[in-house]
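FYI, the numbering just counts along the sequence from 1.
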Amino acid sequence: MTSSPDGGEMLGQDAVGSAVTSVGLWIAVAGSAALVLIGLVALLAGMGAGIWIAAMGGVLTAGSVAALRFRPRS
């Protein structure tokens, strides 16, 4: 018995669903890491919002890495 709202059927319990989840999380890590770099470049260019962009990129990167690290494996 699974505890997910869809009963574990959204991505399936096969290797394809696990691979799709993994690729999606890696894309999220890359995108959020890019936000950190964009924020740092903006900060160096003198834009005050650069610190907020970099901070949010850091939070999103940490969340994406945690989701990738602690995802259930089949």
Side-chain angles (χ1 to χ4, degrees):
M1 173 80 104
T2 63
S3 62
S4 65
D6 65 347
E9 295 299 322
M10 182 180 241
L11 288 175
Q13 299 296 325
D14 56 353
V16 174
S18 177
V20 169
T21 303
S22 180
V23 168
L25 286 171
W26 278 111
I27 290 171
V29 168
S32 55
L35 268 179
V36 173
L37 293 176
I38 291 168
L40 291 176
V41 169
L43 189 61
L44 290 175
M47 298 175 67
I51 189 71
W52 294 107
I53 295 169
M56 285 300 102
V59 169
L60 291 173
T61 301
S64 299
V65 168
L68 190 59
R69 168 68 177 93
F70 296 112
R71 73 185 185 281
R73 298 202 173 102
S74 47

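Atom CG in L37 sits 12.0 Å away from atom CD1 in I53 (nearest 0.5 Å).
Annotation: side chain to side chain donor-acceptor pair (under 3.5 Å) contacts involving residues 35-51, sequence neighbours excluded, are absent. Applying the side chain to side chain donor-acceptor pair (under 3.5 Å) definition to pairs two or more places apart or across chains, none involves residues 40-49.
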Below 3.5 Å, can you tabulate the donor-acceptor pairs from side chains in residues 42-50 to any protein atom, sequence neighbours excluded?
none

Scan the side chains in residues 55-65 for donor-acceptor partners under 3.5 Å anywhere in the protein, sequence neighbours excluded, and list what turns up.
unit_1, atom_1, unit_2, atom_2, d
T61, OG1, S32, O, 3.4
T61, OG1, S32, OG, 3.0
T61, OG1, A33, N, 3.4
T61, OG1, G57, O, 2.7
S64, OG, L60, O, 2.9

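Annotation for I27: hydrophobic cluster partners, listed by chain and number, are V23 (ILVMFWY side-chain heavy atoms under 4.5 Å, direct or chained). Other residues sharing the hydrophobic cluster of V36, ordered by chain and number and joined by side-chain separations under 4.5 Å: L40.
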